[in-house]
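Reviewing the structure listed below.
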Amino acid sequence: MEYLSPYSEPSYGFCETPFGECCMAFSNEGICALTFPESRQSALDDLERRFQGIDFVQNDEKVARLASQIFEKGKNPAIHLMGTPFQLSVWEALQKIPKGHTSTYALIAEAIGRPKAVRAVGTAIGANPIAYVIPCHRVIRTDGGLGGFRWGLECKMAILEWEKK
DNA sequence: ATAAAGGCCACCC
DNA sequence: GGGTGGCCTTTAT
């Protein structure tokens, strides 16, 4: 269960990206969710589950603005991360992987000082709440395999190809 | 408290 | 290629 400040004016919306339609949600601190859902309904279900009891107001224009910053200008917007200490350390490590590069689950485990926790790292990466901005797609398997992706390997591959340019 | 399920890896065959 | 055992965190009993 997650918590957002009562002063945070939570909002959400949808927008097209190079990888299909995304859903974003915001608190006053920044983006708190970015997903590539199969349907709008599943995106809303997801928000409901993760931010139980929080009333998001739709604002597609804000999403479009942010999407432009992120996908066109390559800027890093403010984010509002919530998770366990372990998850936060993993998500922070992900943000150090440069665009156009990849890392592995084992290397991330190493980077956070928990070399044995490789599998748990995979689980934490799978729980990444802010796709693309937290570049979970840049992590592949040690043996060169793609690994997994919450919204489909096709999407993961598309993002990686796009980032090479 | 405990069990079960993971976006993994190394090692075997 | 495939199966197994070990590893560690999270979530659901």
Side-chain angles (χ1 to χ4, degrees), chain A residues 1-5 10 12 14-25 27 29-54 56 67 70-71 74 76-77 79-165:
Chain A
M1 162 118 84
E2 318 229 16
Y3 173 79
L4 290 178
S5 151
Y12 79 99
F14 299 94
C15 174
E16 276 304 321
T17 78
F19 322 110
E21 186 173 66
C22 78
C23 174
M24 284 188 218
S27 74
E29 291 189 26
I31 302 178
C32 58
L34 200 175
T35 61
F36 295 103
E38 283 190 6
S39 68
R40 293 194 168 199
Q41 188 54 53
S42 69
L44 295 179
D45 293 344
D46 211 46
L47 286 181
E48 170 62 28
R49 185 176 51 75
R50 286 183 38 208
F51 305 97
Q52 196 172 332
I54 291 179
F56 290 90
I70 296 169
F71 298 108
N76 274 51
I79 59 180
H80 185 171
L81 269 184
M82 285 165 294
T84 66
F86 181 82
Q87 289 172 330
L88 292 174
S89 70
V90 170
W91 298 337
E92 268 172 36
L94 295 190
Q95 296 181 71
K96 298 188 178 133
I97 310 172
K99 183 176 179 182
H101 295 244
T102 59
S103 184
T104 70
Y105 298 96
L107 284 173
I108 297 296
E110 187 81 33
I112 64 173
R114 303 290 309 281
K116 304 272 192 77
V118 187
R119 188 152 192 188
V121 163
T123 316
I125 292 179
N128 170 31
I130 311 180
Y132 192 83
V133 177
I134 310 275
C136 60
H137 55 279
R138 296 185 194 142
V139 185
I140 62 178
R141 298 179 50 124
T142 299
D143 63 17
L146 247 196
F149 195 66
R150 174 135 162 243
W151 300 285
L153 290 179
E154 191 180 290
C155 184
K156 183 172 187 172
M157 198 140 51
I159 297 176
L160 287 174
E161 284 301 316
W162 183 80
E163 283 193 332
K164 280 186 190 170
K165 296 179 303 194

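Owing to the predicted nature of the structure, the values given are computational and were not obtained by experimental measurement. Per chain, numbering begins at 1; letters A, B, ... match sequence-line order.
- Contact detail for A/I79 and A/Q95: the closest heavy-atom pair is CD1-OE1, 4.0 Å.
- Here the closest non-hydrogen pair linking A/F51 and A/C32 is CZ-O, 3.7 Å.
- As a whole-Å value, the separation of A/R141 CZ from B/dG7 P is 12 Å.
- Rounded to whole angstrom, the span from the CG atom of A/L153 across to the C1' atom of B/dG7 amounts to 8 Å.
- One atom, CH2 of A/W151, and another, C1' of B/dG7, lie 11 Å apart when rounded to the nearest Å.
- Applying the side chain to side chain contact (heavy atoms under 4.5 Å, CB included) test to A/E21 and every residue at least two apart in sequence or in another chain returns A/F14, A/E16, A/R40.
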What nitrogen or oxygen pairs link the protein and nucleotides 7-11 of chain C at under 3.5 Å?
from: C/dC8; atom 1: O3'; to: A/R114; atom 2: NH2; distance (Å): 2.9
from: C/dT9; atom 1: OP1; to: A/R114; atom 2: NH1; distance (Å): 2.7
from: C/dT9; atom 1: OP1; to: A/R114; atom 2: NH2; distance (Å): 2.4
from: C/dT10; atom 1: OP1; to: A/T84; atom 2: OG1; distance (Å): 2.1

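- If you run side-chain hydrogen bond (donor to acceptor under 3.5 Å, both in side chains) between A/H137 and each of A/R150, A/K156, A/E163, only A/E163 comes through.
- Rounding to the nearest 0.5 Å gives a distance of 8.5 Å between CE of A/M82 and CD of A/E29.
- Of the possible polar contacts, none joining the A/E92 side chain to the A/S89 backbone as a donor-acceptor pair under 3.5 Å is found.
- Counting only Watson-Crick and G-U wobble pairs whose two distances sit under 3.5 Å, DNA chain B takes part in these stems of three or more pairs: B:1-6 with C:8-13, B:8-13 with C:1-6.
- Note: CZ (A/R150) to P (B/dC8) measures 15 Å, nearest angstrom.
- For the pair A/I125 CD1 and B/dG7 P, the computed distance is 11 Å after rounding to whole Å.
- Atom-to-atom, CZ of A/F149 to P of B/dG6 comes out at 18 Å; the value is rounded to the nearest Å.
- Minimum interatomic distance between A/L94 and A/I125 (heavy atoms only, all atoms of both residues): CD2-CD1, 4.0 Å.
- Panel note: side chain A/N128, backbone A/I134; a donor-acceptor pair is recorded below 3.5 Å.
- In this structure, A/V121 reaches neither bases nor backbone, as no heavy-atom distance under 4.0 Å exists between it and the strands shown.
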